[in-house]
Structure formats: structure tokens, C-alpha cells
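To start, the structure itself, in C-alpha cells.
Proteins get letters first, then strands, A, B, ... in listed order; numbering begins at 1 in each.
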Amino acid sequence: MGSYVPSTQQERRRMLDTIGVSTIDDLYCQVPKEVKLQNLNLPQGKSELEVRSCMEALAQKNMQFTSIFRGAGAYHHYIPAIVKSVTSKEEFVTAYTPYQAEISQGVLQSIFEFQTMISQLTGLDAANASIYDGASAAAEAAAMCRDRKRQKVLVSEAVNPGVLSTIRTYCEGANTPLEVVPVNDGVTDKQALSQMLDETVSCFYMEYPNFYGQIEDATDLGELVHQAGAKFIMGCHPIAISLLKCPGECGADIAVGEGQPLGMPLAFGGPYLGFMTCTQAMVRRLPGRIVGETVDLQGKRAYVLTLQAREQHIRREKASSNVCSNQALCAMTASVYMAAMGSAGMRQTAKLCMSKASYAAGELCSIPGISQKFKGPYFNEFVTRCPSSQNILCALEEKGILGGLPLDEESILWCVTEMNSKKQIDQMVEIVREAVK
Amino acid sequence: MGSYVPSTQQERRRMLDTIGVSTIDDLYCQVPKEVKLQNLNLPQGKSELEVRSCMEALAQKNMQFTSIFRGAGAYHHYIPAIVKSVTSKEEFVTAYTPYQAEISQGVLQSIFEFQTMISQLTGLDAANASIYDGASAAAEAAAMCRDRKRQKVLVSEAVNPGVLSTIRTYCEGANTPLEVVPVNDGVTDKQALSQMLDETVSCFYMEYPNFYGQIEDATDLGELVHQAGAKFIMGCHPIAISLLKCPGECGADIAVGEGQPLGMPLAFGGPYLGFMTCTQAMVRRLPGRIVGETVDLQGKRAYVLTLQAREQHIRREKASSNVCSNQALCAMTASVYMAAMGSAGMRQTAKLCMSKASYAAGELCSIPGISQKFKGPYFNEFVTRCPSSQNILCALEEKGILGGLPLDEESILWCVTEMNSKKQIDQMVEIVREAVK
Amino acid sequence: MKLIFERSQEGRGCSILPACDVPEVDCSPEISRKAPLHLPQIAEVDISRHYTELMKQTHGVNDGFYPLGSCTMKYNPKINEEIAALPGFSKIHPLQPSHTAQGCLEVLGLAEKYLCEITGMDHMTFQPAAGAHGEFTGLLLIKAYHKSRGDTARTKIIVPDSAHGTNPASAVMAGFTVVNIPSGEDGCVDLEKLRQAVGEDTAGLMLTNPNTVGIFDKNILEITKTVHDAGGLNYYDGANLNAVMGVVRPGDMGFDVVHLNLHKTFSTPHGGGPGSGPVGCKELLSAFLPSGHVSCEEDGTYGFDAPSPRSIGSVKNFYGNFLVVVKALTYILTLGREGIKEAAQNAVLNANYLMARLSDLYDMPYAGPCMHEFVMSLEPLKKEKGVTAMDIAKALLDHGIHPPTMYFPLIVHEALMAEPTETESIDTLDGAAQTFREIYQQALDNPQSLHDAPVSTPVRRLDEVGAARNPKPTYSF
Amino acid sequence: MKLIFERSQEGRGCSILPACDVPEVDCSPEISRKAPLHLPQIAEVDISRHYTELMKQTHGVNDGFYPLGSCTMKYNPKINEEIAALPGFSKIHPLQPSHTAQGCLEVLGLAEKYLCEITGMDHMTFQPAAGAHGEFTGLLLIKAYHKSRGDTARTKIIVPDSAHGTNPASAVMAGFTVVNIPSGEDGCVDLEKLRQAVGEDTAGLMLTNPNTVGIFDKNILEITKTVHDAGGLNYYDGANLNAVMGVVRPGDMGFDVVHLNLHKTFSTPHGGGPGSGPVGCKELLSAFLPSGHVSCEEDGTYGFDAPSPRSIGSVKNFYGNFLVVVKALTYILTLGREGIKEAAQNAVLNANYLMARLSDLYDMPYAGPCMHEFVMSLEPLKKEKGVTAMDIAKALLDHGIHPPTMYFPLIVHEALMAEPTETESIDTLDGAAQTFREIYQQALDNPQSLHDAPVSTPVRRLDEVGAARNPKPTYSF
């Protein structure tokens, strides 16, 4: 049986004697007898060797694709070696929320640096120390905009369905109305939005690029939203906005997004990282942890959890959110990633994604019967119309390639990143060409 | 192009100005023009992503066997997770030989602990801070025993051929005569040894268990050697001697061995670790680094490289050996392994090896045509006679199993460790049964 | 310490990506970013050194005793990390076809089976990413349940005043009104007050048991029955499950829904090693579980349940913090049937031992055996010598011990809540007891020295008020 | 710090291995161990904490500047470590059939090809595990060569007095007699002395170029020709190759055999990250190479050369420190054609820059540009103020800088040899220069304070004499 309890039988005896009881069970004297458990129906404990073989066997039941052309919210990007090397330091892995600032300056400073990098990236003023993922960040952002008069949340239909579903759940929780703004040719229907924006609307959430990969005219939509007196929330791909007009430039009040592309593995969907930034005006509404710069009693620069008056452990039912648990390691992962890439590397990544997606789209659409579904500019993802998406995807799977996400029988959402070499793309296109013959 | 040079072009310019030259090439003014290189015929530098794919492709060209029944000097043992977790700490990986004891107490203490554990294991008095591998440790041990009168080295024929070859090379280097003591029924021929032991013999080296897996009667051989006034050197499997009579109990003057089973991966042969212990009487002849306990000027317990007067950087051509480079990380690997296993775990490992080897031998020999070649007690390895070893091994390879090492057309040296479950053994035996039908 | 931006130098960097091997596409000017982008430009060696500096100013479990009450800072086994890093888990896309992700699905399936057994629940979702996220999810299940029965008047959640702050905050997020009930003298639920509070508007009760003063509420069956009888459901906040797993199950105590903190009870790191807050429920709530619930066919293949029309939807994208679940499953397989209980028992033993070693000096407001943690009150010392819980905590920093949780629960004045966990040895506990005792003596002899603490840390007490008044959450370039 | 044995407690431990699944076999009493076995009995959490403590008292490259002369303490890229940890390398048995280890063999084949190109050699063995091990191997090649020609009178190896101590020690191990020749005033080989030393008994010359005072010997072609003309061979000690790789090749300078320190020049860690000392040679020596040399067939498959009857045999088991070669190959692929030269150039630039920043204060016994390292002499300061090289070194410890190599080379009194390497930024060099200057000033103002240094380290100066007089190399139980 495996165990991480260091104490020996003799030591337990000594401890019981000190306490003044005769068995450990005596310490459970307040547990009603009728519900005390006899035996857990679990397998027997195992040695480390056995556990490792069990778990390795499970890992081997998964298929690791050699090339991946699927995104849709989880992106296959290169993770520099320095990232894991830094974030696997035991101190960083095992430290908790830095309540004791004096012995936590390392993790506090790393969060402050993360907040700064994310603010730089989005072009907004302030950031929190991260949220669970991009979807819950979007939902929290919508909650930030609510006031007594304005309750309704508008969400573009062209957003990631998992994100939409999450916002919807949060809104239903808080009894907040939510309406979906329809999509037209792969982008938010501007006219519809315009009509839906009334004095009850608190905010509008759109994605950039959107779920279909399209780069919408965010500035334009933002102006509409602001004219109606609502807040403008952008959900953005963190690498894309190093190249594209950033949320700050588009006039966003809040920018959120899925931080997974910044150094986190695909990992069957988590842990990922929600980032969240806003204008100065909204900083006191930001949920979750925020680290701020201050000084210690000797005037030395130092960092501390701040604005805690918003938080649940002080405000309880009046808190701005219940977000609590620490995501510092994921935030640090993103920071080390951005430090390793630097501004130039981030832009290079973005450019590689864009160029390779463009090349792949061009090659795919050179196949008779396949064409791009939408006409706007795109970044790393695009949708093709094609005969029988299942045939295509099965043919690719047979060769160890994960094709795009089937949206329906006749359309596929493809994703191409810096991880896809020209050779991989060409090979994928050839297989598709054969499959649709 | 990859580069780990941080300086930018502007910074290089500034540095050149400070130095007072105009190009870096000016600093190479003493290099004769006629031999200055134009271009290296190497591939262009690569980005991290490209290098990773190149190297991963190379790794994939190797076949990873799912079960391994081969030893012969490199053993497949379980490596507890804590081992890599500790030894991958950047400080331990990148620190050099602890010349500056004041900022190196960590690594010095870890070596002191290693020396202690190895001394415990072998039952001898003192250990050095490790040698390159078991083979070079054996060769260095033989060199320790030489004096003006006694030069000749005797080595049992039943030792690992790589070790024998290494001792031979070292002896030839130093113009030392070496004679091989023949083997009889898988063990050292005691009578032959007895005859070869004369007043010119400095030492006798044997292995325990020996290359054929046999546990020789070391005490008996040691007595013979001592009677002749020579030194007795045992090369031993570090896990085996937690269960078997240890070198100290067998009367060895020096015990050496391959430390790889103590937490080091197979790694196509290296890096491994040579351990080396001796009696108090010989400690000043030990080659390589030794850490000793001392105090600092305030009386605080501290550790330091000691007995450096033996070493090449002081003694130059009069040094006891040229061993210099630091193997501290391998030594630490062994230490963490032994700490994780503890005395009980080491014995448990040894017992598992012995029991499983015995089971496998029994099952194999239940196959008509297969029998054990030698009759003595064995630990984790044994030799079978069998029809066509190549047929057997090919059949196993097809099923992803690395069979024993073929010694010749009709005998195979098998190795079984705690990594081989009964199921694996049974499967292996079934395949062998089919193959010899 | 320098900030990473202060180590940056234009033109430096790492060589991570190759040149483009397809025709380069330019972003058209109207959609191009013009805003400057100040990310660090820094060589790998300096990244390594920067984070080494930060590491040295970060106290982890590997640095020493970390008895932070209510947080269960137990040791995080290394095997868990190695398993979670296997490419066969870390490189799997969440939208791979199910038949290519059978290993991942089986991980979720097994974890659900084992955790349901431990909690006495029937089903479990792993989507919630943290404890509070789980609370929110669990409360939405309760809400959906009442709604499905047309029982829409049930809008109130009863929360004892000793509860974690997340409980009321989550209740509000889920659209409920919070009814706070005061605790009795023993820190437990005041049964009388509870009876007065329940009614036709009661959606449910949220309870931590053992509660936040470290006491197992002996009236637990009465409590849950009271709520059930009033038509409400019982929510079990699993924050303190480490005291009782293998000993008693929330499901058997009358709870209908429970969240777990895998990063507390199941040894997956908090660090930032992000959390996981799975929610288990009884059959009556299963139809409302969030999307992405794993199903197992009779032939042993795994898949996802068909979307339920009554599901509450999603609380995040995909299926939760999968790699955290991998670590928790590794831990459960390691401990197994007896080990789970052994862990709980020794968590309780350690807490009682440390309490016993301190109770002659420190005021223990609650008598009798504690569970996995206990609360001290520094109020007497504050009255006598002006030394606060904060002062004691800061003095501990100078001794290399992470202080207990300060000023929680709110119902105890000058509270320090200590939770040693089962992975600490008696040596560590004895050392800590010695330190606590010395500091107590120091408080009597020289109170000022405690106001001055810490003195050996890289920075001393911080100006938190200034930080909040003029928030500076980013570096100014 | 406690020793790990002092943390041990009978009965504690980790649960690593399963119960036996085959009939247990007992060791017969006559071959059973009776001696006690004191290995630590300790829980995983305490192993983790123990080594965390040790880590905090270990200075690595990640902790700061490490200009240890002659050791080339450059940054060790993280990608190297990740690649070497791939199971496809780490789990391969050295005695697997060649066709199942093609990747490993190709690694050795490519590394040989590239390193031969960098050194100007024709063949290479990776068997030697470290630099000194390589020296021994290379000298055995020279010995075997002369012997094969019946030239058995060649028993002497010429070694300059500036050489690393390993050179003479290795020569003796290889059965040679050492002829020391003094260096000229410029630290280089005194040509006249060399001419006098060579003769029919000359087996060869061992030389480091740039030499150990950091000077490239401009007479190198004359030197190697002198030895060749006398019938000897030239051995290149590659310890200082980092200054000239990509700029000039040992093979082109007239050397016949060379060893490399992959753990210096090719960025594989020293730490204990164990070394690798491959030996390259010209064609004339190839027949004598040790066992396990990789061959490549025309069809691209790899194997091993058939054992050569003239081979010197083995210097260790198997094929060398394979995983270290993996790291070096990763590094070579990263840097490539231009990067290798860029590294050397910047190593030289950094050394000259630091020297220039210090030469107004510190005595630089050798004029002119240095290569990758330079030697300072503290002799003037010692005469004037009694402050030694050791004092300066110990003072540096208080500033978080690893001191330069002390008291080497022997031909310079009170030597400090500094090698910054190319992976340090100008910021780091400026910071170090500032520190060196401050310490110099302190030596003038308050010499006693330097005798007292270090003051901030966990331990102060150690009693080394006592340690050597009564050696205590193990813990007493």
C-alpha cells in the first residue's frame, strides 16, 4: 500500500499518549456511529511502480496525432523548453496563494509581471492574476458590466460554443438575461446588433478572431456598442493580438481570452488560463486576485495582493465574484512563454500562423469541391465547405493526422499554427485530395 | 540560427570600443593567417522547434522494448519519481566541482552522504565521490594496489568482458602485467587462482555476482588472495550486496561496482557511475575526489574536498590518478535512490530480483531443450543452454521483448529484475517455448 | 529584485521558431496593431536567473512546514507530476474523436467512480476548476432541481457564519439570497436557529463538516434531516474532507451535492498548480450536471453522455482541469482502500497532537478533540500584551514556518487556524510546537519584538493600505 | 543542516515496489548479509525538503555569474536537458541489437562527423567520460602508434609547465615519462626549450592552445612542426577550444589527436551533469581507437566497426556518456555553422572586455588581447597590503559571484583566472567589474575585512588542514 504518512506505529502511539486518548478512533467520537464507514470499495493501494504502469497504460490508450489541424478553443503551439524548466520548480508548484507577502515576493512579483504582460498584449490598463479559463473569464467579464439599470448581456453567435454556453450558465445563475446576436457570412450581424442594443443592455461580447476564424471589424462593433451606452468586451487569441489591432486600439472596455496558447499543453482541455484586462475605470470591478506594487516599512519596493475589499473572503455575499483558487502557475507559464518569445517572437508566431493558415487554405481550396465558406480576413483558422467531412477526417486519422473540427456534414473548421510545417500541410492536402476523389 | 549569446550588435560595438580594437577578428591577431578557417562545413543553425523535431526523430528511430530481459552490465531497475525531481534542480545540474566550499555546502554534503551510503552498502570504511563507471573503477582499483614489488594484476575470466577490457587497457597503459584466471563451471577456477598467486601479484579482481550471474564464494577466494599477500578487489552489484554477504564481510580490501542500478536509466550505456570503497588502511590511495567533514572558523560542522594532496592538480605527474571531472550528479542520483528505497527497499528489490530470476529460470528450463548452464547460486542473471539463441531472440524481438544476451549460438545470459512482472515472464517463456518447438 | 522588464534589452532574445517555409502573408494595415508591445527581450540564461531569484523568495511545501488552516497544504508526491506530464495525456486535444482519447476518458471515468465511492455520491462532474467554482456549480444543480419541480419559491441558501467566504459569494452568483445563521458556542450549527431559518423558501444549506473551527458537528444527521424535511437540499463543502475521508461519507450524512478540492484533499498542488473542484451529486440531481460528463458503454468503451436538455450548461470550456484529475487519480490508486482512511486519520492525529502540545499556552476556544485543524485565539494575549495574531504570524516567518491562516474563521477573535496535514512527521510537529512556544514566551517578555517581526525576510511588513488606495497593478514603461 | 541520516527514523520510508508476484526465494544463510545496513529511512516529503536545503547551499550557473577560469561555465540550455530525457534515448539498452538502436547510433555518428569538422580530425571516439579520461585515451593512441611502428624508444611526453595538472598525470598513467618545459615570459611555449627537449625519445607533446594563461600561442605551427620533425605526435588538450572553435582547427594547427570537453565547450552541464571527453584523431591513429566506434553503411544504416586487433581496447564499458553526447549534438544543431564561431568570438570578446574594465587596477601579467580567459596576479596587492588571491575570491562570495579559479596556472603567483564565457551579457560583466573594483578598493582601505571574508555564507572559511589530517569521509552511526 502506498502512503505519504511519515509517522510510524510507535510515533502514533506516542502522539496518542500526549493527546490522552487510546486510539485514533477516539478522536472521531463526534461522528455518529450509524454512518461510520466500514470499508471503502476501492482497489487496494499500490506501490509507485504499479501506479506508474497503470497510469502509463491509460496514457497509451490515447492516440497521439503526429500533426494537428484542429483548434476551436485549444491550440497546438510550440512550448519552449525554458517554460517547463522554470514552472516545474518545486517552490512554484507547491506554494499557495501568497497571503504572507514577506515570504512570497517571488510569486507575487511573477504575477505582477504577468499582469503587466497581459496589459501590454491587450493594450488595456489593468489585469487580474488570471481566471480559470477563457470561457469563465468571458462570463466574469459580462458580470462586471451589470448594474441596476443595465442587465442584459449580448453575445455574438460567432463565438466559441463552449464560451457561449458558459456565459449563458453564469447569466442564468445570476438571473441575467442573455441574447445572442446572429451571425451573417461568418461574422456578427452588425445590423442585428444595432437593433438589439437598447438601454437594458449592459455589454456585448464578441471574439477576435471569432469561432470561424474570421477577424471581425471590432472597432466598428465597439463604436456601436459604446454609442448605445453599453460596455464592449472582446475575447481574443493572445498571440493574434500581437499582430492584429489590439483590444485597446479597438476600444474594448474589457478584454479576456484563453491563455492556453501561451505555453500550456493541449492536455485534453485543461488546466488552461483565463486572462482578463480592463480599462482603469473598471479596475475595482475586476474579480479575482490582483497584485499591486507597494513598499515595505523600510521603503523597499514590494508586491502584495491588493484590492481585497472586492473579494469573497472579506465581502462574502457582497463580493464581486467568488473566484478564489490560485492559478499562479498557469500565469507564470504564460509569463515565461512571453519572456522567451519576446515581442518579436510573439509577432513571428502570429505571422507564421497567419501565413501557414493562408497557405493551407489556398492548397485545400485548389481541390475541386472544396472552397472557403467565409470571405473575410482570417488568422489561424478558417472554414471550408467540402463534400463529406467525415470521409476526409477519417482518411486523415488513418495517417495519424488530426484534421479540422467538423461543424456539420459539409463544413470543417481548420486550424494551422507554427507547428505545421509546409511538409505536413502538403501531406494533409494530398490525403484530403485523395479522400474527396 | 540558434544562439545563446545575449549581446546585441550595439553592445558588441561598445565592448570593442572599451577594449580599443575595431573588430572581434582583431582579438585573434595571434592566430596564423594560413590556418584561419573560412567556413565550417556544418548545417545552418536551427531554431529550438526545428532542433527538437530533428532530435525527436532520432529518438524515434530506436526501438523501445516493452519488457527487457537483458543485463550484462546495464540493468533495468525502477527509478522512483523523487530521484529525477531532486536531481533536475538547476543548482545541482549546473554547479561545478565544489572548489569554493562556502557556497557549495549543499553539493559537498550530498557527496559526503553518498560516500557514507556506499560505505554502508559495501561494508567498507571509506569511499570516494565516484568514478566514471564500474569498469574504470575496477581499473583504478587495480592501480591502487600496485607497489614496487607487486605489479601483476589477476582478473577472473568470469567478469564482464567490458570491465576486463578496461582493466587490460589501463594495465597496458601503465605497463602493468595482467593475467586472467580461468573459469570453471561458471566460476573462477580456485585451483588455477591458487597457482597463479605468487609474490609478484598485487591484486585479484573478481565480480559478485559474476558475468554469468553466479554468486561465487568470495570469502574463500579472498582468503586465498590474502594468504598470498595480495589485495582482494570485488566488483559488485550494488543492489545484490544489500542481501548477499557484503564485500566487507567477504574480506575485500577494495569494493567497486557499476552504480547504474541505483537510479540511472539504461541510456545506451551512459552516463553511469563507478563507486569505489576501501578499508581505512588504503584511503590515502583512493583516486578522485573525496569529501571530508571538518569545521569552519566558527566551529560549525562543514564539508570540504579533502586529501587533495593525492590529486593531479596538486601532484601533477605524481598523482595517484588523473581522475578529475565531477560526477556529483550521478552520485546524487544514487543517493536519492538509496534514500527513497531505504534499507528495506534495497533488500526488497534484491529479493524481487532473486525470486523473479529464479522463477524465470525455472519456467525456461521447463521447456524441453533448455537448461541452466551453471549450477551455483545466482542473483538476477543466469545462463541457459538452448537450441539456436538467435531464433529465440528474434521471436522475442518481434513481440517487443528484449531477450537475454546471446553468449554464443547455444547459450543466452538472461536478466530478470523487479521490472519484470510474472505476466511478462510468463509471456516471454511462452514465446520461447513456441520458438524452440 | 529586478523586474523582468528591467532585465530586458532591445535586440536580445531566444531563438525559438524557424523561418517561414510558406509564402509570407502580411496583415493588411487597417487590421494591424500599431500600439507598442513591451514584452521582455531577454536571453535564456537571464530568464533562468530571473526565475531562480523569484524562486528563492517563494516559500513552498518543500521549504518547510506549511500549516495553513483550511488549505490542506499536504505534500504533493512527485509521481503525480511525472504521470501528468506524460505526452499521452498532455498532448491530447480536447476535441479529438472519443475513440482516439479512450485513455483520457477512462481517467475521468475511474476518478468519478472512486470519488463517488469516497463521498457517497452517484455522479460527478469534473468541469469546475476550483473549489468556489464547484460551489457555484453545485448550487446551480440545486437551483435547477427546484426549478424542474416548479418549486420556484426556494430562493434562499442557508450558510452558517463560520463558513468560508466563498459560500455566500457563490450563492449570490447562483442567484440565491443568503441566510446567515450564527454558530453555537461550540462552533457548530445552532439547531434551534436552523429550525427557525428553514421554510418553504429554503433552497438548501451549505455546510462544511468538519467545520471551519475544526469540529465535527455531532448533530449532522439532525441538521441534514431538518433541511430535507423543509424541502431543501444539503450542500457539502468538501474543503475539509481530508479529516474524514474513508471514515464517514457526505452522502451518508444526508448531503445531496458535494464539491471536492482535489488540490487540497487529493494531493494535487495548489501552487499555482491550478485547482480542480469536481462536484458530486445524488441521482436526483444527475440530469442537471454540466456538459461533458463521461459515460461508459457496456463493452468498456468510453464516451460522453448525450447533452441533457435539463443540464445547467457549462461552467467552463471542455471537461475541467484534466491533468489535475490525472494527479488525483494517481494519488487515489496509490493510497487505495486503506490508505485513504489512513491519511484522514493521521491528519486528525497530527492536528490533535500539535494542539495538545500548545494548549497550555495558547487559548483554544473549542474544547475536545479537533479534526484535521484547530483554531487558536490570540485575544487573551492581545489584551494582556498587545500582541496580535498577525504579530505571531509574522514572527513565525523568521523561523521558516508558514503561519497558520490568520483572522479566519470570523467567529473567533484574533484567530490562528492551523492544519498540519498527515504528511508531516512528529519531528516537524515537535519543532513547530517548540517555535510556537518560544514565540509565546517572547510575546510575554518583549512584545515590541513581535510587532517588529519579521526581520529576516527579504522585505518587511508591507504598506497594504497604500497599495489599495493607489493601485499599481502593472509596470510603467 | 542535518545529514540525511539524522533525518532517518526506523520504520519510515516510501512505497516504491510491489509485493512479489512469484514464489519468494530466500538467500541461503551462508551467502546472506549479516552486516547492518544503515540507509536512510525517510518519507518522500522529507527527502524533498532535505534536498531543497542542500540546493539552497549550492551555487549554480542559474544563481549568477560563474567565471571559473579553465572550466567554461557557460549557460546550459534547457532544450538539451529535455532532449536527453526523451525515453527514446534514456530507455535504450546499450546491448540492444544495432538495428533496434539506429537512433542512438546515428546520434554518435552525427556527433562524430560534426565534431571532426570542428576540430579538423578524421575520427572520434566517445568512450572517454571526461577530459582527463580523454587525455589518457589520446596518449594511449600515441603509444600504440609508436609501438605499431616498432618505435619503442619514444617514452617521453613533453608538457609545458603551464599545463593542466591532468596532462602530466595522464601521461604517467599511459606509461610515459613527463618532460616539463618552462614557459616563456609571454606564457607561451619557449621554442628554444622545446627544440632542446625533443629527440628520438619524444613520443609527443601535450598542448593547450589558447594556453592556460589565456594566450593563443602565435608560434603554434612552428611548435607542432618541431615535434613532428622529431618524430613525435602533437596532442591538443581541448579544454580551451571554446575560444577558437569555428576560427581555427587543431587539425590545421598540426595536431594529431585532440580531446574535447563536451561539458565545457558544448554546453552540457558540468554539475555533476557528468562529463564527456571524446577523442578525435587523424587517420594515422584510427586503427588504435577504442572499441565501440560507430560505422555507417552506404545504405545509411549504422553499426559498430569490427573490433580492430590494434585497438587500445576499452577505457570504460560501452560507448561513453551517451546522453551527454545527445546534449552536445543538440547544441551543435542549434548553433550550426555560424553559431559555433559566434560563440567563440563572443567568449573572447567578453573576456577582453572584462579584462579591459579591470586592467587599471588589477595586475595583468600578460599583455595584449587574451582569448576566452585571462589571468590576474594579486602579487602586488599581497606585497603591499597582505591581501591574497584567496582573500579576493572569498570576498566575491559575499557578492554572489563565483570566484575565478585560484592559484592556477602555477606559473603566475597569486593567480586568479577569469573566464566569463559568451553566454554572459554586458550587464553581468559590468556588474562583476564593479564588484571587483569595489573589492580592490576595500583591499586598500581595510585589508583585514578581506581576510575575514566571507561573512554572509552559510559557513565561513573551513579548516582544510584538519580535514586532511584526520580524514572523516563517512558519517559515524
Side-chain angles (χ1 to χ4, degrees), chain B residues 2 5-6 15 19 24 27 30 35 42 44-45 55 58-59 61-63 86 90-91 93-96 102-103 105-106 116 119 123 126 132 135-136 162 165-166 169 173 175 265 268-271 292-294 296 302 306 312-313 316-317 319 322 324-325 328-329 339 342-343 355 358-359 422, chain D residues 13 21-22 25 35 37 39-41 51 54 57-62 83 86 88 90 92 94 100 102-104 129-130 132 165 168-170 174-175 178 216 218 252 270-272 274-275 313-314 316-318 321-322 334 336-337 339 345-346 353 356 369 425 457 459-460 467 472-475:
Chain B
V5 176
M15 292 163 83
I19 297 165
I24 292 184
L27 299 172
Q30 300 196 296
V35 290
L42 290 182
Q44 259 197 310
M55 295 302 294
L58 284 176
K61 287 187 185 176
N62 294 315
M63 176 161 172
V86 164
E90 257 181 293
E91 290 73 9
V93 173
T94 70
Y96 192 46
E102 295 88 347
I103 55 167
Q105 284 301 298
T116 304
S119 294
Y132 311 126
S136 53
S165 168
T166 303
T169 300
N175 305 320
F268 202 55
E293 186 180 310
T294 186
D296 78 348
T306 193
Q312 34 67 31
H313 61 281
R316 301 179 75 84
E317 63 266 34
N322 72 343
C324 170
S325 203
L329 200 65
S343 314
S355 302
S358 167
Y359 176 75
K422 175 171 185 297
Chain D
D21 57 359
V22 300
V25 169
L37 177 58
L39 293 177
Q41 304 193 40
Y51 285 100
L54 297 191
Q57 297 201 15
T58 301
H59 182 94
V61 171
N62 60 319
I83 297 301
L86 290 173
S90 68
I92 306 307
T100 68
Q102 286 294 302
C104 290
S170 300
V178 175
F216 189 94
K218 63 181 186 300
D252 299 340
H270 292 54
S314 308
K316 76 187 279 291
N317 218 341
F318 308 122
N321 283 346
F322 173 73
T334 303
R337 194 189 296 155
Q345 287 182 322
N346 282 277
Y353 178 71
S425 69
T457 47
V459 297
R460 309 273 302 277
K472 196 184 168 206
T474 59
Y475 178 72

Highest number of heavy-atom pairs under 4.5 Å with chain D among B:Lys61, B:Gln44, B:Glu90 belongs to B:Glu90
Comparing D:Gly103, D:Gly336, D:Ala35 against chain B, the one with the most heavy-atom pairs below 4.5 Å turns out to be D:Gly103
Heavy atoms of B:Ile19 and D:Tyr353 approach each other most closely as CD1-N, 3.5 Å
Bottom line for D:Leu37: the part with an atom under 4.5 Å from chain B's heavy atoms is both
In terms of heavy-atom contacts, D:Ala132 and B:Asn322 come closest through O-ND2, 2.8 Å
Here the pair of heavy atoms bringing B:Ala59 nearest to D:Leu86 is CB-CD1, 4.0 Å
Open item on the list: Using only atom types and a distance under 3.5 Å, with no angle test, would you say the side chain of B:Ser343 pairs donor to acceptor with the backbone of D:Leu39?
Closed with: yes
One option among D:Gly60, D:Pro369, D:Ala467 has the most heavy-atom pairs under 4.5 Å with chain B, and it is D:Ala467
Per-residue tally against chain D (heavy atom, under 4.5 Å) across B:Leu58, B:Thr166, B:Val35 peaks at B:Thr166
query: Is there a donor-acceptor contact under 3.5 Å from the side chain of D:Asn321 to the main chain of B:Gly270?
result: no
Separation between CG (D:Asn346) and CD1 (B:Ile24), nearest 0.5 Å, reads 5.0 Å
Whatever's closer than 4.5 Å to a heavy atom in chain B on D:Val61 counts as both
Looking only at D:Ser314, D:Gly175, D:Ser170, the option with the highest number of non-hydrogen pairs under 4.5 Å against chain B is D:Ser314
Most contact-rich option vs chain B, by heavy-atom pairs under 4.5 angstrom, among D:Gly13, D:Ser90, D:Ser425, D:Gly313, is D:Ser90
Bottom line for B:Ile103: the part with an atom under 4.5 Å from chain D's heavy atoms is both
OG1 (B:Thr116) and NZ (D:Lys472) are apart, to the nearest 0.5 Å, by 8.0 Å
Chain D shares the most heavy-atom pairs under 4.5 Å, among B:Gly292, B:Ser165, B:Ala135, with B:Ser165
Ranked by heavy-atom pairs below 4.5 Å to chain D, first place among B:Ala339, B:Ser119, B:Ser136 goes to B:Ala339
Most heavy-atom pairs under 4.5 Å with chain B, out of D:Asp252, D:Ile83, D:Thr334, belong to D:Thr334
Chain D shares the most heavy-atom pairs under 4.5 Å, among B:Gly106, B:Pro265, B:Ala302, with B:Gly106
Q) Does D:Arg460 reach the main-chain N or O of B:Asp296 with its side chain, forming a donor-acceptor pair under 3.5 Å? A) no
To the nearest 0.5 Å, atom CG of B:Leu329 lies from atom NE2 of D:His270 at 13.5 Å
Correct closest heavy-atom pair for B:Met63 and D:Ile92 would be O-CD1, 3.6 Å
Applying a strict 4.5 Å limit to non-hydrogen atoms, the region of B:Val86 in contact with chain D is side chain
One option among B:Pro271, B:Gly342, B:Gly45 has the most heavy-atom pairs under 4.5 Å with chain D, and it is B:Pro271
Q) Got a donor-acceptor contact below 3.5 angstrom from the D:Thr474 side chain to the B:Ala126 backbone? A) no
Closest non-hydrogen contact found for B:Gln105 with D:Val459 is CG-CG2, 3.6 Å
D:Asn62 and B:Glu91 have their tightest heavy-atom pair at ND2-OE2, 3.0 Å
When the 4.5 angstrom heavy-atom criterion is applied to D:Phe318 and chain B, the contacting part is side chain
